[in-house]
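These values consider heavy atoms only, across backbone and side chains, with no hydrogens, waters or symmetry-generated copies.
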Amino acid sequence: MSDPFLGLMMLLLIVVVIMMGFPTAFTLMGLGMLFGFYAFYNPAEHWIDNRVFDLMVQRTYGAMTNDVLISIPLFVLMGYVMERGALVDKMFYSIQLSFRRVPASLAVATLIVCTFWGIASGLVGAVVVLMGVIAMSPMLRAGYDVKLASGVITAGGTLGILIPPSVMIIVYAAVAGQSVVKLYAATMLPGFFLAFLYLAYILAWAAINPRIAPALPEEQTRVPVASWMRSLQAAYSQNMMLGLVRALTSPSKAMALETAEGRLNYWTLLKNFCAALVPFALTAFTLLLVWWYVVIHPQASGEAEAPEGLEQLGAPAVDAGAAMVNGTATSFYVSFALVAAIAAAALSRYYYNMGAERLQVIKLLVSSVMPLAVLTIVVLAVILFGITTATESAAVGAAGAFLLAFQARTLNWKRTKEAVFLTAKTTAMVCWLFVGSALFSAVFAILGGQALIEEWVLALELTPVQFMILSQAIIFILGWPLEWTEIIIIFVPIFLPMLRHFDIDPILWGVLIFVNLQAAFLSPPVAMSAYYLKGVSPPHVTLNQIFAGMMPYMLIVILCMVIMYIWPGMALWLPNYLYD
């Protein structure tokens with residue numbers, strides 16, 4: 001048997017042994033040492049001098065000194081602290097009230113919380129288990145179809161591994177030698193687009209067959225409004241925004257109202273007024289941030305990089321004419337004005353219809369969603385705008401997670417120890433996987449397995465599109481028996497050297513892998529999301545019902561990939577705009 005075929009035997013053995021249940025990291029190291037000993041064997045040397053031992057030391061040192069991996073324990077710690085801090089219960093309740101008039105409101109709220117919580121924590125198992133405990137029983141009690149309830153939890157829970165900050169993206173960046181920042185930017189739009197497709201499927205299914213998601217009874221959709229807010233409406237105005245403004249300028253009647261804590265005070269009025277301004281403040285801040293980044297920031301950078309009186313040698317004079325205004329395309333100003341006008345109209349209608357129920361929902365959202373949203377946005381923004389590295393941003397996220405948990409008074413010493421222990425366990429697993437993968441890949445290449453696969457693929461004379469379809473189809477099939485860690489660490493390196501031959505952007509290919517691996521969590525027989533949910537579901541919910549609920553979402557994942565094939569700009573536009 002030739003050496004290349006020994007390499008192929010390595011590849012076959014690793015799949016068989018992993019499916020038998022052996023630990024992946026030590027299986028990789030064991031097979032790498034065994035086949036490497038054969039590859040480097042020299043009868044004239046003592047066996048202790050075999051170069052495979054030197055290779056093991058070198059690969060271990062290389063993996064341990066990889067700067068990209070430093071951010072993994074910090075992001076994992078951020079996720080476990082949030083999960084152990086139990087910050088999601090109130091969030092689910094407030095979002096469910098926000099969407100109480102939408103068909104399948106519990107399922108919609110579950111998907112939104114899964115997406116949002118997955119972004120904050122990045123832990124698939126923790127999100128699926130947590131949402132299974134919080135949302136599964138309420139949906140079943142409300143008469144929801146078991147397949148709908150289980151499907152939305154398992155599919156929504158996997159989004160956290162796709163939308164940054166995600167450990168999977170960091171692992172791929174370390175394997176492929178790509179920028180974590182660019183990969184984060186590239187996965188933003190596809191991740192949220194996939195969540196939108198899930199949402200559209202749920203709403204469409206509920207509209208076609210209302211029996212799968214019956215309307216909730218009145219007592220479950222009633223917003224708990226304080227009595228003093230009704231009294232304030234009667235004294236000033238039915239519109240709470242107008243009533244609060246009048247109460248703040250003329251507080252005499254408001255001060256006579258009774259609350260659960262005693263007489264209404266001016267501070268309570270001011271807090272409610274600030275809460276009512278949150279939608280306006282968020283909209284205005286977003287528009288100003290976009291304006292600053294597109295219009296003001298490039299001008300400031302240009303002035304700093306090009307001192308007055310200096311011109312680039314050989315640069316022709318460029319007359320942008322009407323197409324550019326101060327370096328910014330005129331189309332941006334038109335689009336910005338249109339978006340601002342639509343936002344102003346929506347806010348005007350929103351505040352015109354603001355009653356006590358709407359204000360109470362805003363207050364619930366501010367107290368439950370706002371702190372976590374601010375932390376997540378800060379962690380992502382400082383990375384995407386180049387303010388900090390991914391590791392520094394992870395440190396900010398971990399510190400912020402501790403602050404949120406302490407502020408909510410849900411994180412005690414026991415839960416803190418559990419979060420740190422689980423972080424150490426997960427980090428050790430990832431690091432040993434890298435060590436095993438590095439040794440396995442080196443021996444596989446030395447035996448000629450990599451070259452044999454490349455020759456076989458090139459002999460097929462595939463077009464770039466055909467190669468992308470072939471590689472993604474193989475990854476999709478591997479996702480059935482294997483987890484994402486094995487796929488990225490073992491099989492992705494086999495395809496990476498061929499990307500240059502087919503002129504395929506490794507960023508785009510990586511994002512397609514991330515979307516593709518969403519199906520790995522939803523495809524039997526491994527389908528870890530199903531087993532996570534089964535462990536916390538009522539006894540009458542069977543594993544087959546959970547599998548049946550997940551299947552439509554696998555088709556949605558494939559649809560998302562097809563759209564990305566047709567429009568690769570979904571993944572490449574944001575990194576190209578921010579960094580090129």
Side-chain angles (χ1 to χ4, degrees), residues 1-66 68-69 72-73 76 167-168 170-172 174-177 422 424-454 474-475 477-497 517 520 525-526 528:
M1 184 179 290
S2 64
D3 286 350
F5 286 99
L6 277 179
L8 295 182
M9 181 181 289
M10 285 181 67
L11 207 59
L12 177 62
L13 281 176
I14 192 67
V15 175
V16 173
V17 175
I18 289 175
M19 291 180 65
M20 291 172 63
F22 286 86
T24 304
F26 298 108
T27 301
L28 286 167
M29 285 187 285
L31 288 176
M33 293 292 290
L34 179 63
F35 283 85
F37 189 89
Y38 169 81
F40 288 112
Y41 180 72
N42 185 353
E45 296 178 350
H46 193 274
W47 68 268
I48 199 71
D49 295 324
N50 194 293
R51 285 186 293 166
V52 71
F53 300 111
D54 297 330
L55 182 64
M56 176 68 179
V57 174
Q58 294 169 3
R59 294 292 174 167
T60 302
Y61 182 78
M64 294 301 98
T65 55
N66 192 328
V68 176
L69 300 181
I72 290 180
V76 172
V167 174
M168 181 170 67
I170 300 173
V171 173
Y172 175 83
V175 169
L422 289 171
K425 182 179 178 181
T426 304
T427 304
M429 180 268 293
V430 173
C431 290
W432 279 117
L433 276 172
F434 263 92
V435 172
S437 171
L439 178 63
F440 183 90
S441 301
V443 174
F444 181 71
I446 290 169
L447 289 173
Q450 179 72 47
L452 182 64
I453 292 178
E454 290 183 20
I474 293 174
I475 296 297
I477 294 173
L478 289 173
W480 291 23
L482 301 178
E483 293 190 54
W484 69 267
T485 47
E486 288 95 355
I487 293 173
I488 288 186
I489 288 180
I490 300 172
F491 293 97
V492 164
I494 296 175
F495 292 103
L496 284 173
L517 288 176
V526 176
M528 293 307 299

Show me the donor-acceptor pairs, under 3.5 Å and distance only, between side chains in residues 436-449 and residues at least two apart or in other chains.
unit_1: Ser437; atom_1: OG; unit_2: Ile489; atom_2: O; d: 2.6
unit_1: Ser441; atom_1: OG; unit_2: Ser437; atom_2: O; d: 2.8

### Task
Identify the two heavy atoms, one from Met10 and one from Gly32, that lie closest to each other, and give their separation to 0.1 Å.
CE-CA, 4.4 Å
### Non-neighbouring partners of Val430 that pass side-chain contact (heavy atoms from CB on, under 4.5 Å), sequence neighbours left out
Ile72, Val171, Phe434
### Query
Relative to the ring of Phe37, is the ring of Phe53 parallel (under 30°), tilted (30 to 60°) or perpendicular (over 60°)?
perpendicular
### Query
Is Leu11 close to Ile453 at the side-chain level, that is, under 4.5 Å between some pair of heavy atoms?
yes
### Message
Within the structure provided, determine whether Glu486 and Leu478 are in side-chain contact (heavy-atom separation under 4.5 Å).
### Response
no
### Query
Nearest heavy-atom pair of Leu433 and Leu28: which atoms, and what distance?
O-CD1, 4.2 Å
### Summary
Sorted by chain and number, sequence neighbours left out, side chain to side chain donor-acceptor pair (under 3.5 Å) with Thr60 holds for none
### Query
Rounded to the nearest 0.5 Å, how far does CG of Leu517 lie from CD1 of Ile475?
6.5 Å
### Query
Roughly how far, to the nearest 0.5 Å, is the CG atom of Leu452 from the CG atom of Leu6?
11.5 Å
### Task
Might you point out which heavy atoms bring Val492 and Ile488 nearest each other, and give the distance in Å?
CB-O, 3.3 Å
### Message
side-chain contact (heavy atoms from CB on, under 4.5 Å) for Met56 and Val52? Distances and angles first, verdict last.
### Response
CA-CA 6 Å; Met56 176 68 179; Val52 71; 5.9 Å; no
### Query
Any side-chain heavy atom of Phe40 within less than 4.5 Å of one from Leu55?
yes
### Message
Pair Ile474, Phe491 - check side-chain contact (heavy atoms from CB on, under 4.5 Å), show working.
### Response
CA-CA 9 Å; Ile474 293 174; Phe491 293 97; over 6 Å; no
